[in-house]
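One is the number of the first residue; the rest follow in order along the sequence.
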Amino acid sequence: MASQISPWFLVALFFAFICSSQAVTLEVGEDDGWTLNPAESYVAWAGRLRFRVNDTLHFKYDDATDSVLVVDKDDYDSCNVDDPIEKLDGGDTNYRLEHGGPNYFITGNKSNCEQGQKVDVVVLHVRTQSPPSPPPAPAPLPPAPASPVTPPPTAIPVLTPPASAPTGGSSATPVGSNPADLNPPPPTLAPSATPSSATAVVSGTITASLVTMIIALCLIN
């Protein structure tokens, strides 16, 4: 049931928002109209409502004795009826609010204006929002510096010279000597670098490269 109600509820909210954003017509003074001493003062009436651009104010009054004057703030405060911005008459007038900010209206009867027959309507400004700017593209990562790989040292063979032959022309084996002592040992080679040392060099190089890359990433972030 909840899955069936939720979409309709969202549709109702959408239409409520559309309707609330449309321009409306507001009755100045409600049932009393534009007159002296209405049941609700014009200050209280304007204070409890919210006015938007393109809303319309409807003034209903006695054309024989009254009118509506659009004035500036100074004339509104002093009830000056001699120099209005615009004069509305005819007994049934609609005035469209075309700009945000305060709009000042007074009656054409100076005495009635001084007794409170005037209204200051503050219209909400229309807010325009610019689209957000796209985030900047991330900077490319710098290439990691290449570290040269040190080759392992080359083993150099060390040759042992053979023992010199005995002099005196006799080739007989001396008594008490070991025949193996007369044969020179084979040449011995110096120990070459073990595979473990070469592996340590390569591992150290790779570790250094990884550390360099990690430091570069930290500096970029």
Side-chain angles (χ1 to χ4, degrees), residues 1-139 221:
M1 178 65 70
S3 60
Q4 297 177 356
I5 296 177
S6 179
W8 291 109
F9 178 72
L10 294 178
V11 170
L13 287 180
F14 173 76
F15 279 102
F17 172 79
I18 295 298
C19 294
S20 64
S21 62
Q22 294 178 348
V24 297
T25 299
L26 302 166
E27 296 289 337
V28 180
E30 300 296 344
D31 295 336
D32 294 331
W34 184 241
T35 185
L36 181 63
N37 298 325
E40 181 182 25
S41 69
Y42 295 114
V43 174
W45 174 82
R48 67 177 175 83
L49 297 178
R50 180 171 295 181
F51 304 91
R52 296 179 175 86
V53 174
N54 292 328
D55 282 353
T56 299
L57 300 180
H58 180 224
F59 294 88
K60 185 70 176 179
Y61 51 94
D62 184 359
D63 183 36
T65 60
D66 211 344
S67 62
V68 182
L69 305 181
V70 183
V71 296
D72 57 22
K73 187 178 186 310
D74 291 338
D75 290 343
Y76 176 84
D77 294 336
S78 63
C79 287
N80 181 14
V81 298
D82 296 329
D83 189 21
I85 298 173
E86 184 178 355
K87 182 178 181 180
L88 311 175
D89 53 16
D92 193 337
T93 304
N94 289 321
Y95 183 86
R96 189 164 66 93
L97 302 171
E98 298 179 347
H99 59 83
N103 294 260
Y104 301 100
F105 304 91
I106 64 174
T107 176
N109 187 318
K110 184 177 179 64
S111 176
N112 289 353
C113 176
E114 292 174 346
Q115 297 180 62
Q117 189 180 346
K118 58 183 180 179
V119 62
D120 173 12
V121 173
V122 179
V123 180
L124 298 177
H125 290 274
V126 177
R127 295 182 179 180
T128 57
Q129 296 181 351
S130 58
S133 58
N221 294 331

Please report the closest heavy-atom contact between [X] and [Y], naming both atoms and the distance.
| X | Y | value |
| --- | --- | --- |
| Val71 | Ile85 | C-CD1, 3.7 Å |
| Val53 | Val123 | N-CG1, 3.4 Å |
| Leu69 | Gly108 | CD1-CA, 3.9 Å |
| Glu114 | Cys79 | N-SG, 3.6 Å |

Pairs satisfying salt bridge (charged side-chain N to carboxylate O under 4.0 Å, His left out), at least one member in residues 36-51, at least two apart
Glu30-Arg48, Glu40-Arg48
Any [X] side-chain heavy atom under 4.5 Å of [Y] side chain:
| X | Y | result |
| --- | --- | --- |
| Asn109 | Gln117 | no |
| Asp89 | Tyr61 | yes |
| Val70 | Pro84 | no |

Could you measure the distance from the [atom1] atom of [X] to the [atom2] atom of [Y]? Nearest 0.5 Å is fine.
| X | Y | atom1 | atom2 | value |
| --- | --- | --- | --- | --- |
| Leu97 | Thr56 | CG | OG1 | 7.0 Å |
| Asp63 | Asp92 | CG | CG | 10.0 Å |
| Lys118 | Ser41 | NZ | OG | 12.5 Å |
| Asp72 | Asp83 | CG | CG | 8.0 Å |
| Asn80 | Ile106 | CG | CD1 | 7.0 Å |
| Arg96 | Asp55 | CZ | CG | 10.5 Å |

Just by distance, do the side chain of Asn54 and the backbone of Ala23 share a donor-acceptor pair under 3.5 Å?
no
A quick test of your reading: do over 12 heavy atoms of other residues, nucleotides or ligands sit less than 6.0 Å from CG of Asp31?
no
I need the full list of ring-ring contact (aromatic ring centres under 6.0 Å, His included) pairs touching residues 76-96, with sequence neighbours left out, sorted by first then second residue.
Tyr76-Tyr104, Tyr95-Phe105
Between the side chains of Asp66 and Thr107, does any donor sit under 3.5 Å from an acceptor?
yes
